[in-house]
Visitor: 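The structure is given below, and queries will be raised subsequently.
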Amino acid sequence: MNVHRHGTDAAPTFPGTAARAAETDLTARIPAQNWKEVVDSGYLRLFHPPTVGGTGADGAAQVAAMESLARACPSTYWSATVSALLCANLISTYGDLRVHGQLLEGLLSGRLLAAFAVVETTAGSDAGTYTTTVRPAGEPDGGFVIDGEKSRITNAPDADVAVALARREKAAGDDGPDWCLAFVDLRQPGVRRYDIPRMGLRGMPWGGLVFSDARVSAQDVVPVPLDELSEGMTWGWLLVSVAAVAVAESALTASVRHAGERVSFGRPLAHMEGVQAQIAQSRAQIDAARLLARRAAGERAAGRSARSLIAMLKIYATEMAVDVTARAVQIHGASGVTQGHEVERLYRDAQMNVIGAFASNRLREQVAEGMGLGPAVYEPFDWLRPSGLGDAAVGLDASDMSAEAA
């Protein structure tokens with residue numbers, strides 16, 4: 001295994017994947033060679049204990065490996081880590097290893113790819129609006145069917161299995177949870193997929209899943225309280241945060257290199273005070289985010305809840321990466337906004353992390369609630385009409401203009 005030294009942690013490297021990053025973005029497809037490199041590195045097994053086929057890496061090692069792959073290619077990182085970290089952890093936590101052991105091994109070996117199907121077309125963070133439902137099939141052999149549409153889902157166009165969040169249609173007397181995780185075979189009739197074009201992470205498979213009476217066996221429907229499930233979903237916040245740190249580090253590396261090579265007004269950009277300040281600010285922000293990521297991952301890998309830490313990390317790291325990549329674009333000047341340039345690609349990728357997994361503004365509300373402020377309360381109120389701002393400006397409304405003309 002190729003390794004590089006990052007601080008005190010050794011992590012696998014992905015030189016071929018890095019060399020193909022621009023191609024992956026341009027073609028909107030992850031090359032097969034990337035998957036082979038990821039599998040051969042042992043990356044997919046890092047996040048799990050040996051009892052389920054993993055290698056039992058500690059939090060620091062996990063973060064170092066995650067950042068290494070995300071630096072090589074953010075799209076490949078997202079696809080692999082959603083499957084092997086987020087989905088596989090949900091299966092091992094809530095599934096039955098006697099039943100789902102082969103499914104889990106398929107994900108850790110890279111033989112199978114999973115999608116975490118949560119978000120729907122009507123909303124992202126608001127689970128109360130979700131309508132995807134699992135109900136009994138009503139047939140002698142039992143089992144269930146799932147109906148609904150999941151949208152903006154990583155790996156949806158290519159995945160073999162979905163870990164889908166759905167409502168349960170409960171029979172009389174069933175006082176179990178209203179929600180479940182359904183492990184859905186996506187290679188069956190009743191499943192339709194589609195791709196969604198996007199600004200960044202173009203190589204990552206991303207799109208929608210439409211379930212129309214798709215079959216789900218009884219053992220693959222796991223009732224889970226929604227508040228309990230939210231703890232497991234923090235793995236998704238962590239993987240997005242590390243992606244943001246990696247994107248920012250790549251943008252900073254490109255900026256330092258360019259500042260040392262580019263000569264303007266008789267001196268390298270690196271000798272200009274304004275450029276130095278931008279680079280120093282980026283260095284401080286990235287290292288702060290990385291330290292918080294290692295702390296959060298260490299807590300989580302040790303089996304302790306790190307929900308608040310990871311929420312704060314997700315907010316800070318993703319918005320920090322946007323700042324750092326924007327500085328990189330500015331330092332590179334016109335080349336930085338040229339399609340196909342490294343920092344142009346990184347800037348687009350950074351924006352995706354702010355939205356991914358859970359909107360940062362909603363996380364801010366949750367962090368505040370955890371500090372004892374209670375939930376944010378919304379009272380409907382018309383802020384515009386009392387001030388006159390709700391009325392159309394004279395001459396701008398087509399109907400008013402027609403009336404005046406008449």
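For reference, positions follow the sequence shown, starting with 1. Worth saying up front: this structure is predicted, and the values here are computed from it rather than measured.
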Visitor: Among all residues two or more places apart in sequence or in another chain, which pass the side chain to side chain contact (heavy atoms under 4.5 Å, CB included) test with R215?
Guide: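 Per chain and number, R215 pairs via side chain to side chain contact (heavy atoms under 4.5 Å, CB included) with A137, E139, D141, V145, Q188.
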Visitor: Have a look at V163 and tell me which of I91, L107, V118 forms a side-chain contact (heavy atoms from CB on, under 4.5 Å) with it.
Guide: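 When side-chain contact (heavy atoms from CB on, under 4.5 Å) is applied between V163 and each of I91, L107, V118, only I91 qualifies.
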Visitor: Applying side-chain contact (heavy atoms from CB on, under 4.5 Å) between E37 and each of C73, P15, P31, report the one that passes.
Guide: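 The residue from C73, P15, P31 that satisfies side-chain contact (heavy atoms from CB on, under 4.5 Å) with E37 turns out to be P15.
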Visitor: What pairs with V222 under side chain to side chain contact (heavy atoms under 4.5 Å, CB included), at least two apart in sequence or on another chain?
Guide: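 Per chain and number, V222 pairs via side chain to side chain contact (heavy atoms under 4.5 Å, CB included) with Y94, F183, V224.
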Visitor: Around atom CZ of R167, are there more than 12 heavy atoms of other residues, nucleotides or ligands at under 6.0 Å?
Guide: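 Yes, enclosed.
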Visitor: Pair E319, K314 - check salt bridge (Lys or Arg N to Asp or Glu O under 4.0 Å), show working.
Guide: CA-CA 8 Å; E319 295 180 359; K314 203 274 182 182; over 6 Å; no
Visitor: Salt bridge or not for R348 and D25, using N-O below 4.0 Å?
Guide: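 Salt bridge between R348 and D25, a charged N being under 4.0 Å from a carboxylate O: yes.
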Visitor: Under the ring pair (Phe, Tyr, Trp, His ring centres under 6.0 Å) rule, what pairs show up with a residue in residues 300-354, not counting sequence neighbours?
Guide: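 Checked against ring pair (Phe, Tyr, Trp, His ring centres under 6.0 Å) - neighbours excluded - the pairs reaching residues 300-354 are H258-H332, H332-H341.
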Visitor: Does anything in residues 251-275 form a salt bridge (charged side-chain N to carboxylate O under 4.0 Å, His left out)? List the pairs, not counting sequence neighbours.
Guide: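 Those involving residues 251-275 are R257-E342.
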Visitor: Among residues at least two apart in sequence or on other chains, which ones pass side chain to side chain donor-acceptor pair (under 3.5 Å) with E365?
Guide: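 Testing E365 for side chain to side chain donor-acceptor pair (under 3.5 Å), a comparison that skips the adjacent residues, returns R362.
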Visitor: Does the structure place the NZ or CZ of K150 under 6.0 Å from the centre of the six-membered ring of Y130, at an angle of no more than 45° from the ring's axis?
Guide: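 Positive - K150 is close enough to the ring of Y130 and near enough to its axis.
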Visitor: One pair to check against salt bridge (Lys or Arg N to Asp or Glu O under 4.0 Å): D213 and R135. What are the steps and the verdict?
Guide: CA-CA 9 Å; D213 288 346; R135 56 180 172 79; 2.7 Å; yes
Visitor: Tell me whether R29 at atom CZ has more than 12 heavy atoms from other residues, nucleotides or ligands lying less than 6.0 Å away.
Guide: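 Incorrect, the count does not exceed 12.
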Visitor: Identify, with sequence neighbours excluded, every residue that meets side chain to side chain donor-acceptor pair (under 3.5 Å) alongside R98.
Guide: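 With sequence neighbours excluded, R98 shows a side chain to side chain donor-acceptor pair (under 3.5 Å) to D96, given in chain and number order.
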